[in-house]
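Just below is one structure, and these are the notes that go with it.
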Amino acid sequence: MAKKVKTFDPGAFLASIGIGRKSEKFKRGKAIFRQGDEADAVYYIDKGKVNITVASKQGKEGVIAILEPGEFFGEGCLAGQPVHMATAAALSDAVVLRIEKETMIRLLRDQPDFSQLFMGFLLSRNVQIEADLVDQLFNSSEKRLARVLLLLAHFGKEGKMEPVIPKISQDLLAARVGTTRSRINYFMNKFRKLGFIEYNGTLKVNSALLNVIVHD
C-alpha cells in the first residue's frame with residue numbers, strides 16, 4: 001500500500017509559530033494597512049478576501065489585486081521596501097495573520113517546506129502580474145472584465161456556476177478593470193442577457209464567459 005504523503009499546511013504552521021505573529025479579524029471594508037504606512041510585516045489570508053489598491057496624488061484609485069485565502073501580501077518589506085506602496089483592505093469579513101518581518105526572514109531561512117511554499121507563491125504572483133499587464137495593454141475593457149470575473153470564480157470546472165463575492169460593487173470592478181462604472185454596467189447587463197453570469201444577491205459566473213476572451 002502506497003504511503004500517503006502529508007501535505008504542508010501553511011495556515012496551521014503559521015498559527016503554531018508563536019512569537020512574531022498575530023491573528024487579526026477585519027470587518028468588510030476595514031483597512032489592514034494603508035499606502036504610506038511603515039512596511040514591517042508580511043500578511044497571510046486565513047479567511048475572507050483582501051483588496052489591494054493604489055491611489056494617485058490626485059486621488060484616483062486603482063485596484064491591483066483581489067486576494068483570497070492562502071495568499072500572502074505585504075512581502076515588499078522583505079526586499080527593503082520601507083513603506084507600503086498600496087492599501088490593503090478586507091473585501092469581506094476576513095481573518096489575517098500578521099508575521100513580523102524578522103520572524104518571516106527566520107522562517108524562510110530555517111523552514112525549507114515553508115520557504116518552498118512562499119517561493120511558489122512569489123512565482124505565481126509574478127506570472128499573474130505579467131498576465132495582468134498584457135491584459136491591460138492588448139485587451140478591450142470587455143475582455144478585461146470577463147477575465148476578472150473568471151479569475152474570481154476560479155474558472156476551471158466546466159459548466160459549473162460558481163459564486164464570486166456577495167455584493168461586489170461595479171465601482172470595484174471598474175477600478176480593477178481600468179474603465180468607468182457605466183461601461184462595467186453595460187457589459188454586466190450584456191453578459192447576463194447572454195447567460196454568461198447570474199446575479200441575485202451573489203454574482204455567479206458561467207465558464208461560457210470564456211467565449212468573450214477567445215472570440216475576436
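All values reported here derive from a predicted model rather than from experimental measurement.
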query: Should Leu91 and Val50 be marked as a side chain to side chain contact (heavy atoms under 4.5 Å, CB included) after you check the CA-CA gap, both sets of side-chain angles, and the distance that decides it?
result: CA-CA 5 Å; Leu91 189 56; Val50 172; over 6 Å; no

Can Glu142 and Arg183 be counted as an ion pair, charged N to O under 4.0 angstrom?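 Salt bridge flag = no for Arg183 with Glu142.
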
- Task: Please report the shortest heavy-atom distance between Ala86 and Val54, naming the atom on each side.
- Result: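 Smallest heavy-atom distance, with atoms named: CB-CG1, 3.5 Å.
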
Atom of Ala55, atom of Gln35 and distance for their closest heavy-atom approach: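 Answer, listing the atom of Ala55 first, then Gln35: N-OE1, 2.9 Å.
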
Output, in order, the C-alpha distance, side-chain angles, deciding distance and verdict of side chain to side chain contact (heavy atoms under 4.5 Å, CB included) for Lys101 and Val42. CA-CA 6 Å; Lys101 177 181 176 180; Val42 177; over 6 Å; no

Gap between atom [atom2] of [Y] and atom [atom1] of [X] - 0.5 Å precision:
X      : Y      : atom1 : atom2 : result
Gln170 : Tyr186 : CD    : OH    : 14.0 Å
Ile99  : Arg106 : CD1   : CZ    : 11.0 Å
Met119 : Leu108 : CE    : CG    : 8.5 Å
Asn211 : Leu194 : CG    : CG    : 9.5 Å

Requested in this report: Could you name each residue pair satisfying side chain to side chain donor-acceptor pair (under 3.5 Å) that touches residues 74-85, not counting sequence neighbours?
Outcome: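 As it turns out, the side chain to side chain donor-acceptor pair (under 3.5 Å) pairs with a partner in residues 74-85, which skip direct neighbours, are Glu75-Arg125.
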
*Whether Arg192 side chain and Ile197 backbone form a donor-acceptor pair below 3.5 Å*: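 Not confirmed, Arg192 side chain does not pair with Ile197 backbone.
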
Taking the side chain from Asn189 and the backbone from Asn185, do they hold a donor-acceptor pair closer than 3.5 Å?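 Such a contact is found between Asn189 side chain and Asn185 backbone.
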
Any chance CG of Leu137 has more than 12 other-residue heavy atoms, nucleotides or ligands included, within less than 6.0 Å?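 Yes, the 6.0 Å shell around CG holds more than 12 heavy atoms from other groups.
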
Centre-to-centre under 6.0 Å for Phe72 and Tyr43, is that the case here?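 Centroid distance Phe72-Tyr43: not below 6.0 Å, so no.
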
Pairing donors with acceptors under 3.5 angstrom, does anything connect the side chains of Asp132 and Gln136?
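Result is no, nothing qualifies.
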
- Are Leu149 and Leu173 close enough, and set up right, to give a side chain to side chain contact (heavy atoms under 4.5 Å, CB included), and what steps lead you there? CA-CA 9 Å; Leu149 294 176; Leu173 289 172; 4.2 Å; yes

Exactly one of Arg176, Lys143, Arg147, Arg144 should register a salt bridge (Lys or Arg N to Asp or Glu O under 4.0 Å) with Asp135. Which one does?
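Of the listed options, the one satisfying the test is Arg147.
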
If hydrophobic clusters are built by linking Ile, Leu, Val, Met, Phe, Trp and Tyr wherever their side-chain heavy atoms come under 4.5 Å apart, do Tyr44 and Leu67 end up in the same one?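 No, it is not one cluster - the side chains of Tyr44 and Leu67 are not joined through contacts under 4.5 Å.
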
Can you get from Phe73 to Met85 by hopping between Ile, Leu, Val, Met, Phe, Trp and Tyr side chains that sit under 4.5 Å apart?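 Hydrophobic grouping puts Phe73 apart from Met85.
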
